Amino acid sequence: MAQQTPVARVEAPWREWMARWPTPADLAAASPGDVVRAWGRLGYPRRALRLREAAVAMVERHEGEVPRLETDLLALPGVGAYTAAAVAAFAFGDRTVVVDTNVRRVLARAVTGVAQAAPSLTAAESRLAASVVPEDPATSAVWNVAIMELGALVCQARRPRCESCPLADGCAWVEAGRPAYEGAVRRGQGYEGTDRKVRGDILQRLRDAPNSLPRQEFDDIDPAEGRIDRLLHALITEGFVEPLPNNGNRFRLTR
DNA sequence: GAGTCGTGGGG
DNA sequence: TCCCCAAGACT
């Protein structure tokens, strides 16, 4: 849930989710529509589908348990390098190299001396991150938590709190006078008028509908000819939506 | 490797 | 108001 979504916004939906589906087997038994509804407006709803698929995989391949090995975690749907390392470290205390946006920013500043990390993770960053994780497993687990929290709470993107930072002494960025970022500009995401916005609007209506909706219910979402149908069918292909078996003009979240 | 994929809040 | 950014993953 926290992939690309602020942790503070995740907490409430996460608690409800865990109360409803405490184990992988519980989640695996839910329908795609149920999990997409419970996901609500957290964003990137395909994460909800993948989380459910991961639960299915855990039941099938890991006796309903969350696997401990990073390689097994990586093989789960929706689990990439960051999440696999994070689960192995935070849940099991193993020595992994956790590199998320917070860790990247802390290392960019404290070690490399620049205001922010590159737009996407580079090989050099991965090497740097690996080189600073302590060898001892127990110590490394604490390290991973600490550097990530430091980035989230102190070494923040918009407002670095260098006054209260334990690394301020010896921070390369502070020593350089906190120079502004001069690198490739992250391309603006943009949202209004994009496919993502329209997809989001379609899904929101389907989440809010207790049962199914006729195709015309989406007409006012976007004026472009054919766009609604194109995106609606993409959502069907991706497993979010299904047409009613006996009426192809009505749609609902997948049951 | 660049594009795509949601949504909301803080500066 | 607008813009940036948020515990990334996948194609």
Side-chain angles (χ1 to χ4, degrees), chain A residues 1-14 35-54 57 70 73-91 96-108 115-126 129 141 143-161 180-181 183-208 221-222 230-231 234-235 237-241:
Chain A
M1 283 180 170
Q3 290 168 355
Q4 289 285 282
T5 302
V7 173
R9 189 145 63 87
V10 164
E11 184 176 350
W14 176 77
V35 302
V36 168
R37 275 204 181 83
W39 196 262
R41 301 186 61 81
L42 277 181
Y44 293 138
R46 56 181 46 171
R47 294 180 297 167
L49 296 183
R50 290 187 182 135
L51 185 51
R52 178 184 162 281
E53 291 162 13
E70 229 177 329
L73 288 161
L74 257 180
L76 297 172
V79 176
Y82 158 71
T83 303
V87 171
F90 302 155
T96 62
V97 181
V98 176
V99 186
D100 79 324
T101 188
N102 294 297
V103 174
R104 293 183 62 212
R105 186 174 52 253
V106 169
L107 293 178
Q116 45 178 291
S120 57
L121 182 65
T122 66
E125 280 184 271
S126 297
W143 168 274
N144 280 321
V145 175
I147 190 170
M148 210 164 129
E149 289 297 296
L150 185 69
L153 303 177
V154 177
C155 192
Q156 295 180 337
R158 306 290 273 286
R159 190 188 173 321
R161 288 159 168 79
Y181 178 67
V185 179
R186 285 193 173 94
R187 43 181 201 82
Q189 295 189 25
Y191 188 52
E192 209 58 39
T194 63
D195 279 1
R196 272 152 69 183
K197 161 74 170 159
V198 175
R199 282 168 58 101
D201 288 349
I202 294 173
L203 274 187
Q204 183 180 354
R205 293 204 181 174
L206 287 166
R207 282 196 309 264
D208 292 343
I221 290 179
D222 189 90
R230 175 172 60 83
L231 295 177
L235 290 170
T237 301
E238 293 169 42
F240 287 103
V241 179

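So you know, we letter chains A, B, ... as the sequences are listed, proteins then strands, and number each from 1. The shown structure was predicted, so the numbers you read here are calculated from the model rather than taken from an experiment.
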* To do: Return the value, rounded to whole Å, for the distance between atom CD of Q4(A) and atom C1' of dC5(C).
  => 9 Å
* Compare all side-chain heavy atoms of Y44(A) with those of Q4(A) and state whether any distance is below 4.5 angstrom. => yes
* To do: Whole angstrom is fine here: how far is it from CD1 in I221(A) over to C1' in dG6(B)?
  => 14 Å
* Do T5(A) and dG6(B) share a donor-acceptor pair, side chain to base, under 3.5 Å? -> yes
* **R196(A) CZ to dG8(C) P, straight-line distance once rounded to whole Å** => 15 Å
* **Backbone of M1(A) reached by a side-chain donor or acceptor of R47(A) within 3.5 Å** => yes
* Flag, side chain of N144(A) to backbone of T96(A), donor-acceptor distance under 3.5 Å -> yes
* **Nearest-angstrom distance from the residue atom CD of E125(A) to P of dG8(C)** => 13 Å
* Between R158(A) (side chain) and Q156(A) (backbone), is there a donor-acceptor pair under 3.5 Å? -> no
* Asked: Quick one: which of dG8(C), dC5(C), dT7(B) gets closest to the side chain of R207(A)?
  -> dT7(B)
* Asked: Under a 4.5 Å cut-off applied to non-hydrogen side-chain atoms, are R52(A) and V36(A) in contact?
  -> no
* Expressed in whole Å, how much space separates the C1' atoms belonging to dC4(C) and dG6(B)? -> 15 Å
* Residue mapping more 5' on DNA chain B - nearest nucleotide basis, R199(A) or R158(A) -> R199(A)
* Base, sugar-phosphate, or nothing: which does L42(A) touch, judged by heavy atoms less than 4.0 Å apart? -> base
* **Proximity to DNA chain C (any heavy atom under 4.0 Å), residues of residues 79-87 of chain A only** => V79(A), G80(A), A81(A), Y82(A), T83(A)
* Asked: Could you state the CG-C1' distance from D195(A) to dG3(B), rounded to the nearest angstrom?
  -> 12 Å
* Measure the distance from OH on Y44(A) to C1' on dT4(B) and round it to the nearest whole Å. => 8 Å
* Per Q3(A) side chain, nearest of listed nucleotides dG8(C), dC5(B), dC5(C) -> dG8(C)
* Between R41(A) and dG8(B), does any side-chain N or O lie under 4.0 Å from OP1 or OP2? -> yes
* To do: Determine yes or no for a side-chain-to-main-chain donor-acceptor pair under 3.5 angstrom, with R199(A) supplying the side chain and L235(A) the backbone.
  => no
* Asked: Between R205(A) and D201(A), is the closest basic N to carboxylate O distance under 4.0 Å?
  -> no
* Using the P atoms only, state how far dA2(B) lies from dA7(C), rounded to an integer number of Å. => 24 Å
* Taking the side chain from E238(A) and the backbone from L49(A), do they hold a donor-acceptor pair closer than 3.5 Å? -> no
* **Sugar-phosphate, base or nothing in reach of E149(A), heavy atoms under 4.0 Å** => base
* Are any side-chain N or O atoms of R104(A) and backbone N or O atoms of A118(A), one a donor and one an acceptor, separated by less than 3.5 Å? -> yes
* M148(A) vs L74(A), nearer the 5' end of DNA chain C by closest nucleotide -> M148(A)
* Asked: What is the distance from CD of E192(A) to C1' of dT7(B), rounded to the nearest Å?
  -> 12 Å
* Which comes earlier along DNA chain B counting from the 5' end, the contact point of Y191(A) or that of R159(A), where each point is its nearest nucleotide? -> Y191(A)
* Asked: Can you find a pair of side-chain heavy atoms, one from T83(A) and one from L73(A), that are under 4.5 Å apart?
  -> no
* Rounded distance (Å) that lies between atom C1' of dC4(C) and atom OH of Y181(A) -> 14 Å
* Identify whether any heavy atom of R9(A) sits under 4.0 Å from a base atom; if not, whether one sits that close to sugar-phosphate; answer base, sugar-phosphate or nothing. => base
* To do: Look at R105(A) and dA6(C) and indicate whether a side-chain polar atom (N or O) is within less than 4.0 Å of OP1 or OP2.
  => yes
* Is the backbone N or O of R207(A) less than 3.5 Å from a side-chain atom of R37(A), with the two atoms forming a donor-acceptor pair by type? -> yes
* Asked: Given that both pair distances must be under 3.5 Å and the pair must be Watson-Crick or G-U, what runs of three or more consecutive pairs involve DNA chain B?
  -> B:2-5 with C:8-11, B:7-11 with C:2-6
